[in-house]
Each structure stands twice: as C-alpha cells, then as structure tokens.
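Structure record follows, encoded as structure tokens.
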Amino acid sequence: MGGNCCFVHFLVAAVLVHFHGAVVGQYLNQTTHCDPADLEALLAFSKGLGTDDAGLVGWESPNDTSCCSWTGVSCDLGRVVGLDLSNKSLSGGISSSIASLDSLVAINLSRNSLRGQAPVELGRLPGLRVLDLSVNLFSGGFPASEDGFPAIELVNISFNRFDGPHPSFPAAAKLTVLDISGNTFSGGINSSTLCHAPVQVLRFSGNGFSGEALVELSLDRNDLTGDLSSNLYTLPKLRRLRLQENQLTGSLDNALGNLSQLVQLDLSNNRFTGSIPDVFGKMRWLESVNLATNELDGELPASLSSCPLLRVISLRNNSLSGEIAIDFNLLPKLNTFDIGTNNLSGVIPPGIAVCTELRTLNLARNKLVGEIPESFKELRSLSYLSLTGNSFTILASALQVLQHLPNLTSLVLTRNFRGGETMPVHGISGFKSMQVLVLANCLLTGVIPPWLQSLGSLNVLDISWNKLNGNIPPWLGKLDNLFYIDLSNNSFSGELPMSFTQMSLISTNGSSERSPTEDLPLLIMRNSTGQGLQYNQVSSFPPSLILSNNLLVGPILSGFGHLVNLHVLDLSWNNFSGPIPYELSGMSSLEVLNLAHNDLNGSIPSSLTKLNFLSKFDVSYNNLSGDIPTGGQFSTFSDEDFAGNSALCSLWKSCHQAVQSEDEDEHHDMDTAKQITYIMLEVGFAFGLLMLWSALYFVRPWRIAYFRLVDSLLLDRPCVWTVVKVTSLGFRKENEVHP
C-alpha cells in the first residue's frame, strides 16, 4: 500500500542491527566447549544450510566439539545464547532442531538467501528476545501463535515473501519493535493485537493489505518520549488517536489537519508546547479533543467551531490566553467544555447557553470577569459548574440564575465575589439536586442562609474563609445526606448544635456508602492563597466536620462518639471549654482530631488510644493536666501536639517531677517572701531612727529632755550605784571579826 500503509513510528529506535547486536554482544564466549545437546542441535541446524561458500569456521568440521568458538556462535556458561550468521551467503532453510537451543536469546540470520517457511519451533524458545530474519527468501505464513514468543522484544522479518494475515504477538508483553515491511501480507490490520505491548516501532509498509487502513492507535499510559513523528500524519483513515499519559514533547504540527477522519484525539498529560494548530476545519467527524495538562499556549483555535459532532473539549491545565472565541451556535452536541487553569480573559460568552446538552462546564482559575449570563437558565442539562478563581461579581444574581438548573449537582464558586458582598438570604429556592456546594474564600459577610436547609441531596458544603457570623443553625446537622462540612475561618459564635452528633451518613445508624459521581476536579481550600486539596469524585471526600478558626464556645459534645464514620474532626482555634469527652473513642474511623488552641481542661482520656486510624492528634495550647496516654497511635505523636499545657505529663515529664517542680517553686516563693520581709523591717528600723534623729535635732525641748534622760540612765544612776556598793563593802570590812 506504499507510504500510506500502516507505518507508525513514534519513538525513533536506533538502527535495528545495533539494537540486536548489542543484545548478542552481551553474551560473550566464556568457553569453547558447549553443551552436548546444543552441539547436536547446531549440527542438525547446519545440515539444512548451504555453507559451501560461507567461510564459517567450525561449521564445516562436524567432529569439532568446541562449538562455542564457531563463527557466529555465542555462549554463556557453556550454553548457546546467541546465533549471528548475518550476511554469510547462506542458503537452504531453518531446521526445526533449533528448538533444542532452548537458551537462545538472539537469532540474526538477516541478509542471506534462506528460503522456505520459518519453523513454528521459533516461537517455543522461552528466552528469545531478538529475532532478525530480514532480507531473505522466506515464504508462507509467519508462525506466530497465542502463546508464542513470550520474551520477544524485537522482531524483524522485513523484505521476505511472507504472506497471509500479518503476525501478532499477544503473549509478548515486552515487544518494542515489529518490522514486517516488504512482504506480501494481506487482509486487514488487527490493531488491537499490536498495541497492547509497549511498542515503539511498527513498520508495515510495502505489503498487500486491503480493506480499512489503521483506524485506531492507542499507546496511552506508557513512557513514550520525543516528538510526534511526521509519519503519524500520513494515516488518513485513522479515527482514534490516544497517546495520553506519556512524556511526549515538541509542538503539534499543522499536518494534524490531515487526519480528517478522526473521531477521538487524546494527547493529554504530556509535555507538548507551542500553540494549538487551528486546523480542525476538516475534522467533520471529530467528537472528542483532549489536550489537557500540557504546556500549550496561544489562543483557543476558532476552527473547533467547525466540528458539528464535537461533544468533548478539554484543554485545561495549559497556558492558553485571549478570549473564549468559539461559536457555540455551531456545537449543538457539546457535552463537556473544560478550559480550567489557563490565562483566558474577558467575559463568559452568552452563546454558550445554546449548548443545551452541556453537562460539564469548567472555567476555573482563569482571568474571567463580569456576571453570570442570564442565558445560563437554559443549560438545563448542566450537572457540574466550576468558576473558581476568577473575578465574577454579584453572587445574588448568579444564584438566582443558577437555581433554575434542575440537574446541577456540583457548584464551585471559590475565590470570586470578593468585593465585600453579602451571602444572599432571600430569593433562592432551587438547587434540589445539589450535592456539592463550595463558596469558599469569597470574603462574604452575613449568616448561614436558611435556603440551604432545602438542599436535601447535599453531600458537601464548604463556606470556609469568609466573614460569616452568628450561630450555627441546628437544621444544618439534620440534612440527611450531608457528610462533609467546612465552616472554618469565619466568625461563627455560640455553642455547637446537638444535631451535629446525629448526622445520618456519619453516625452509628447511617450508611457510609455513597453513589459514585463523575470524574471531575473538585478543589477544597486549605488556606486563603487558593491552595488546597483536590478530589476527583464526591465519593472520595473524607467525612469531615471542620469548624476551626471561629468564636465557638461551650463544651465538646460527647455525642460526637456516635459518628463512627467520621474521618476528620477539627475544632481548633475556638473557645471551647471543659474536659475532652472519653466518648470520642467511639469515632472508630477517625483519622484527624484537632482540638488545639481552646480552653479545655482535665486529662486526655486514655480511651482515645482505641482510635486505630488516628494519624493526626493535636491538643496544644489548652489547660490540660495529668498523664498523656500511651499505646496505640499516641506513640507516633510529637511534643508539639501537646505543647502549651504546663500541667500535662508524659513519659518524658512525669507527674511526680511536675509536683516536685511545683513544690520547689513554692519553697522558692516562700524564701523570696522572707527576704522581702527582712528588707522591709530593716528599712522600717532605719526610717524610725531617722525620724528620731530629726526630732531631736529640730525640737530643742525634746533634745534637752532626751539628753537628761541619757545622763540619768547612763551616768547618774551608775555612779550612785557604784558609790553605794563601795561604801557598803568598806563598812563590812570594819565590822568583820577575825579569829
């Protein structure tokens, strides 16, 4: 069929001879003596060859047992592993005795004059990786089978006279190169049997194929690299081209427009660069184009409007710019329009509303502005809408329009309406099918709107990172299908409603099973910069109650223990008080428990060691005391998880040490008090002396009386006493009678 025959070349392989030559060269002769069975097989193989003029050393001497030294024979530990007799002027055929060489890894018999049929025994060699029979005179069908050639990596049978249906290798999981060009194979091309392996080179040119040419090429989820070969664009009958999830690079050629029969084009999750060729005008049968997650830039190709059967346009995660310049009036069957995470600007074109079959619309993380068009009321099939990270305005108007969409299940409006708007309270009555509602990081003021209580199908509610206030209404915990609530980073106050302990889907009596939804990107915020977690399905959301960074008060409800399916409970950065209820150990599925930065007291219940899935536990900066429990997951938590609780004890800080430290502090305080008392007494005494001295110095009568008193006490009385005593002693001596 010439150049337009099935000739597909994605990764330019090195020269085939170099490829299999490298494999053969890996097995150098290590001994001249070979296995007796291998010797017998080689002798039988040689009888079928015409080697008169070949000049093959050893082959002409049947009595020579050192076959590992023969021309073209390679051995490993005495076993024949390689046979390279290329370009040796051989004739004859291949003997079936080759099956006895069961250690063969590579066979190269190319560029000879071998003829006849290739023996079926070739497919029974368990370790054969390279087979090159190219440029010979082989004929008949090639002996491929369902379980043949299990280890084969390279097959080159080009330029022979093989005929019949082309060979396929369903058991060859490592086949990378298949060259059957230059034969007379006929019939159709069975692409499904060719593309299951990690094929890098397919060469089918120069055969007699008839009927349909290659209509599908699927090489997705491999590690293909390099640019797209220009040969790819010479397949005018190709209907499905699926190369997603590889490492392909380079730009897309304008020759892409030659593939006028394409129905599906999927080049997503590669590394293509440059602009998207505006060549879709000839692709009248195109139904799906997916170029998501590449490095493409430039504007949206306007020629996409020329594909009347187009159902899917997915160009997200690129660097596209400009306005959305597509004529949606020409795309009546459009089902999915995903251009999220680009640099597109301008307003939403109102004409998109004519696509009444549209189910998925993702315009997130662009630079779009303005209001939601009134015409959106006509998108009655719309199920998923994400407008995250743009600059849309007037939330009340947007909700009043979108409430008319009866099938809308997911609405994500994060990081919009940031001009000081208020959460609408009145005038909203729709959204009966809503499962996911995300209005995070919009700087909204006001309260939790009462119209939310009519959303009976709601699974996920995220209104975090706003400026909402007031009490949390009790009806919020009574929504039967709600299992993910994020009210964090607001100014909610009051106590927790008891209804939160009886939420149906995450309580003891509820069911944790949830119906699957479409594979769609749902981003949940984790901070005000727009970073967060992305879930692809509603069913993948972990049941969570996230109320952190508010002004909530009161006790932590013991009834939380009934929420056996809850995965995340975050009450941090509030004003909760009282003890930690031991009943929390009933939350058997809990993975995250964050109670940090509150006013909790008492001890940490030892029952919490029963929480076998707990991976994050934080009670820092409270007023907790007593021992930190040991065992279970508590051995994996760090000191920071308990910081800011001075009376809390652990293995590295025993309560005895804590009490001793308190006693030492008390004694230290008493010593300090005594020192202060002594100092005060000394100061008082000195002050008294100073006052007395001042009085004697400045008041003359007091001074005279003082000195008279001193004279009387210190001079007069001692003198009189001394005189009396001396006189008395003298009188006694005069009257003393001596013997």
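All values reported here derive from a predicted model rather than from experimental measurement.
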When rounded to the nearest 0.5 angstrom, what is the spacing between [atom1] in [X] and [atom2] in [Y]?
X	Y	atom1	atom2	answer
T409	L385	OG1	CG	10.5 Å
Y233	D253	OH	CG	5.0 Å
S275	L296	OG	CG	8.5 Å
M434	S410	CE	OG	7.5 Å
S158	I180	OG	CD1	10.0 Å
L331	L309	CG	CG	10.0 Å

### Task
Would you please test S303 and D278 for side-chain hydrogen bond (donor to acceptor under 3.5 Å, both in side chains) and show each step?
CA-CA 6 Å; S303 60; D278 198 5; 2.3 Å; yes
### Query
Where does the angle between the aromatic ring planes of F149 and F142 fall among parallel (under 30°), tilted (30 to 60°) and perpendicular (over 60°)?
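The rings of F149 and F142 lie parallel, inter-plane angle below 30°.
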### Query
Between F541 and Y484, what is the ring plane arrangement, given parallel below 30°, perpendicular above 60°, and tilted in between?
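Rings of F541 and Y484: perpendicular, as their planes differ by over 60°.
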### Identified side-chain contact (heavy atoms from CB on, under 4.5 Å) counterpart of L363 within the set L368, N342, T388, L344
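For L363, the side-chain contact (heavy atoms from CB on, under 4.5 Å) check succeeds only for L368.
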### Task
Answer yes when R242 and D266 have at least one side-chain N-carboxylate O distance shorter than 4.0 Å, and no when they do not.
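No salt bridge links R242 with D266.
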### E153/R129 salt bridge by N-O under 4.0 Å criterion
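Between E153 and R129 there is a salt bridge, with a charged N closer than 4.0 Å to a carboxylate O.
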Under a 3.5 Å threshold, yes or no: a donor from one side chain and an acceptor from the other, between [X] and [Y]?
X	Y	result
Q261	R239	no
T293	N317	yes
R203	N156	no
D338	T336	no
S383	N407	no
S139	R161	no
E216	S218	yes

With heavy-atom distances below 4.5 Å as the criterion, would you say the side chains of [X] and [Y] are in contact?
X	Y	answer
I313	L334	yes
I326	F337	yes
L178	F204	yes
L402	L411	yes
W285	L262	no
V412	L387	no
I157	V155	yes
L310	N335	no

### Task
Start with the C-alpha distance between E371 and V401, add both sets of side-chain angles, then the distance that settles side-chain contact (heavy atoms from CB on, under 4.5 Å), and finish with yes or no.
CA-CA 10 Å; E371 300 181 30; V401 170; over 6 Å; no
Could you check whether any side-chain N or O of [X] sits under 3.5 Å from a backbone N or O of [Y], counting only pairs where one atom can act as donor and the other as acceptor?
X	Y	value
S386	N362	no
N466	L444	yes
R111	L133	no
N294	N270	yes
S397	L395	no
R418	N441	yes
N290	S268	no
T249	R271	no
N416	F392	yes
N481	N459	no

For [X] and [Y], which heavy atoms make the closest approach, and how far apart are they?
X	Y	result
T341	N366	N-ND2, 4.0 Å
N246	L224	OD1-N, 3.1 Å
I348	P373	O-CG, 3.9 Å
L217	L238	N-CD1, 3.9 Å
K432	S457	O-OG, 3.5 Å
P167	A144	CB-CB, 3.9 Å

### From CA spacing to verdict: side-chain contact (heavy atoms from CB on, under 4.5 Å), S134, F159
CA-CA 6 Å; S134 62; F159 298 101; 5.7 Å; no
### Query
Would you say W451 has more than 12 foreign heavy atoms packed within less than 6.0 Å of its CH2?
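Result for CH2/W451: enclosed.
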### Message
For Q264 and L286: C-alpha separation, side-chain torsions, deciding distance, then whether side-chain contact (heavy atoms from CB on, under 4.5 Å) applies.
### Response
CA-CA 6 Å; Q264 181 186 15; L286 191 62; 6.0 Å; no
### Message
Evaluate L291 against I276 for side-chain contact (heavy atoms from CB on, under 4.5 Å), listing each step before the verdict.
### Response
CA-CA 9 Å; L291 305 178; I276 302 174; 3.8 Å; yes
